[in-house]
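Following: one structure in structure tokens, then a few remarks.
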Amino acid sequence: MIDLRSDTVTRPTPEMRQAAFDVEVGDDVYGEDESVLKLEETAAQMLGKEAALFVTSGTQGNQIAALTHCNRGDEVLLEASAHLFLYEGASMSALAGVQPRTIEGVRGAMNPQDVRAAIRPDDIHFPETGLICLENTHNKAGGAIVPLENMQAIYDIAREHNIPVHLDGARLFNAVVASGISVKEYAAQADTVQFCLSKGLGAPVGSMITGSADFIRSARKWRKRLGGGLRQVGVIAEPGYVALTQMVDRLAEDHDNARLLAELIEQMAGLRVEGEVDTNIVLVNVADLGLTAEQFLEEVKKEGVLAVPFGPHTVRFVTHFDVSRQDIIDTVDRIMNVSRTCV
Ligand SMILES: *Cc1c(COP(=O)(O)O)cnc(C)c1O
């Protein structure tokens with residue numbers, strides 16, 4: 001089976017397994033797990049922030065950000081197809097008691113003037129705009145890189161109005177490697193940044209939130225309230241450290257493989273690549289095969305390829321380090337077997 005459903009399906013490398021085996025461990029709720037402290041310090045330093053917090057997942061990191069930045073009844077501005085809006089079970093409403101307000105973007109980038117226009121004036125009738133969320137790379141937009149200038153423009157507006165900005169950077173390092181823009185430059189366009197160790201970087205578990213020391217102090221308390229205070233968690237922090245320090249540069253291979261997949265699919269009758277391939281995600285429209293996304297996926301699964309539906313006729317393929325160039329070529333052959341019977 002060639003599994004292109006997500007870059008979360010990667011399994012820990014031998015180095016990660018060895019690091020988990022060798023680790024000393026201590027109780028992290030007491031601040032005594034040296035591996036977690038090392039990971040948090042490294043993450044903070046890499047992103048140019050004062051502090052960082054190791055959390056169980058990207059969703060938990062984003063929710064802790066909403067809980068820490070906002071008061072109940074606040075409004076949060078975010079792009080209409082943001083992960084925080086579509087795929088987190090409305091948890092910012094359920095947990096933080098805030099109301100999301102979406103702004104339609106282009107390839108994941110909101111127009112800064114739309115953001116400015118959506119900021120609430122001071123009026124007893126209105127919620128307060130408590131947070132602006134950005135996402136880079138943008139998952140639903142097919143791994144699109146949101147331009148740095150776009151983030152800068154939104155952050156300038158946010159600061160004018162004293163509104164914090166949170167960056168959902170689950171795949172921020174894909175943007176870094178593909179654009180050549182440093183992670184510090186991206187991170188400087190937001191007060192807080194969440195990124196996943198468990199996606200393209202290949203760690204089995206975990207995300208980081210970074211921000212000011214004050215923010216992280218409050219975030220640590222929210223993490224505890226959510227039941228996210230873990231104990232001898234060095235066993236997962238060490239693989240996370242390997243992910244962060246050894247696995248960033250190789251993301252370029254995933255991007256090459258995604259581009260190759262897109263190029264080969266473009267040459268096939270009945271299949272169309274949607275938009276550009278900036279990073280490790282390829283969106284493919286299967287409507288011309290006369291199939292829904294679900295039907296297409298059922299057929300390619302029989303051939304030994306897994307992907308996920310991303311719209312009525314859109315399928316998402318994600319490349320990652322468990323997928324080789326040869327796997328991409330095999331994937332295309334297998335898809336060909338399906339498309340041949342349709343067109
Ligand atoms: C995967 C993802 C998340 C959530 O991460 P989990 O670890 O799966 O909870 C958040 N934001 C974006 C953009 C993602 O792609």
Side-chain angles (χ1 to χ4, degrees), residues 3-12 39 43 53-67 76 78-92 94-96 100 102 105 107-110 131-146 151 165-176 178 183 186-187 190 192-210 219 222-223 226-228 230 233 236-237 239-240 243-244 247 251 254-255 258 278-283 307-310 316-320:
D3 195 345
L4 297 163
R5 286 174 301 169
S6 175
D7 42 13
T8 57
V9 303
T10 49
R11 274 160 294 196
L39 176 61
L53 184 68
F54 184 43
V55 295
T56 49
S57 69
T59 301
Q60 191 185 60
N62 285 339
Q63 294 317 318
I64 288 173
L67 286 159
V76 174
L78 74 181
E79 205 277 326
S81 57
H83 193 282
L84 261 155
F85 182 63
L86 287 186
Y87 296 120
E88 300 188 14
S91 48
M92 74 163 80
L95 303 178
T102 60
R107 301 199 77 227
M110 296 180 282
L131 181 64
I132 298 170
C133 292
L134 306 175
E135 181 176 321
N136 204 1
T137 64
H138 197 288
N139 174 38
K140 195 74 167 91
I145 298 173
V146 174
M151 296 174 66
V165 172
H166 173 67
L167 171 59
D168 176 359
R171 296 192 179 84
L172 183 59
F173 284 99
N174 292 87
V176 167
V183 69
Y186 280 122
T192 57
V193 182
Q194 179 276 122
F195 68 90
C196 290
L197 299 164
S198 59
K199 288 197 168 154
L201 301 182
V205 186
S207 278
M208 306 301 301
I209 330 176
T210 65
W222 274 113
R223 186 185 68 172
L226 294 175
L230 302 178
V233 74
I236 55 174
L244 187 56
M247 299 292 280
L251 292 172
D254 299 344
H255 302 164
D278 287 353
T279 54
N280 67 329
I281 297 179
V282 182
L283 301 185
V308 295
F310 233 43
R316 184 187 76 167
F317 295 92
V318 185
T319 58
H320 52 79

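Please read these numbers as outputs of a predicted model, since none were measured by experiment. Counting convention: from 1, in listed order, for ligands and their atoms alike.
A heavy-atom distance below 4.5 Å is not found between the side chains of Lys199 and Asn139. Two residues are said to be in side-chain contact when any heavy atoms from C-beta on lie closer than 4.5 Å; Ser207 and Gln60 fail this criterion.
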Every pair of nitrogen or oxygen atoms between ligand 1 and the protein that is under 3.5 angstrom apart - can you list them with their distances to 0.1 Å?
residue: ligand 1; atom: 7 (O); partner: Gly58; partner atom: N; Å: 2.8
residue: ligand 1; atom: 9 (O); partner: Gly58; partner atom: N; Å: 3.4
residue: ligand 1; atom: 9 (O); partner: Thr59; partner atom: N; Å: 2.8
residue: ligand 1; atom: 9 (O); partner: Thr59; partner atom: OG1; Å: 2.6
residue: ligand 1; atom: 11 (N); partner: His83; partner atom: ND1; Å: 3.4
residue: ligand 1; atom: 11 (N); partner: Asp168; partner atom: OD1; Å: 3.0
residue: ligand 1; atom: 11 (N); partner: Asp168; partner atom: OD2; Å: 2.6
residue: ligand 1; atom: 15 (O); partner: Arg171; partner atom: NH1; Å: 3.0
residue: ligand 1; atom: 15 (O); partner: Lys199; partner atom: NZ; Å: 2.7

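Between Phe173 and Phe195, the ring-plane angle classifies as perpendicular under the 30° and 60° cut-offs.
Using a 3.5 Å distance cut-off with no hydrogens or angles, the side chains of His166 and Asn62 do pair a donor with an acceptor. Under 3.5 Å, the side chains of His138 and Glu79 contain a donor-acceptor pair of N or O atoms. A donor atom on one side chain and an acceptor atom on the other are not found under 3.5 Å apart for Thr192 and Gln194.
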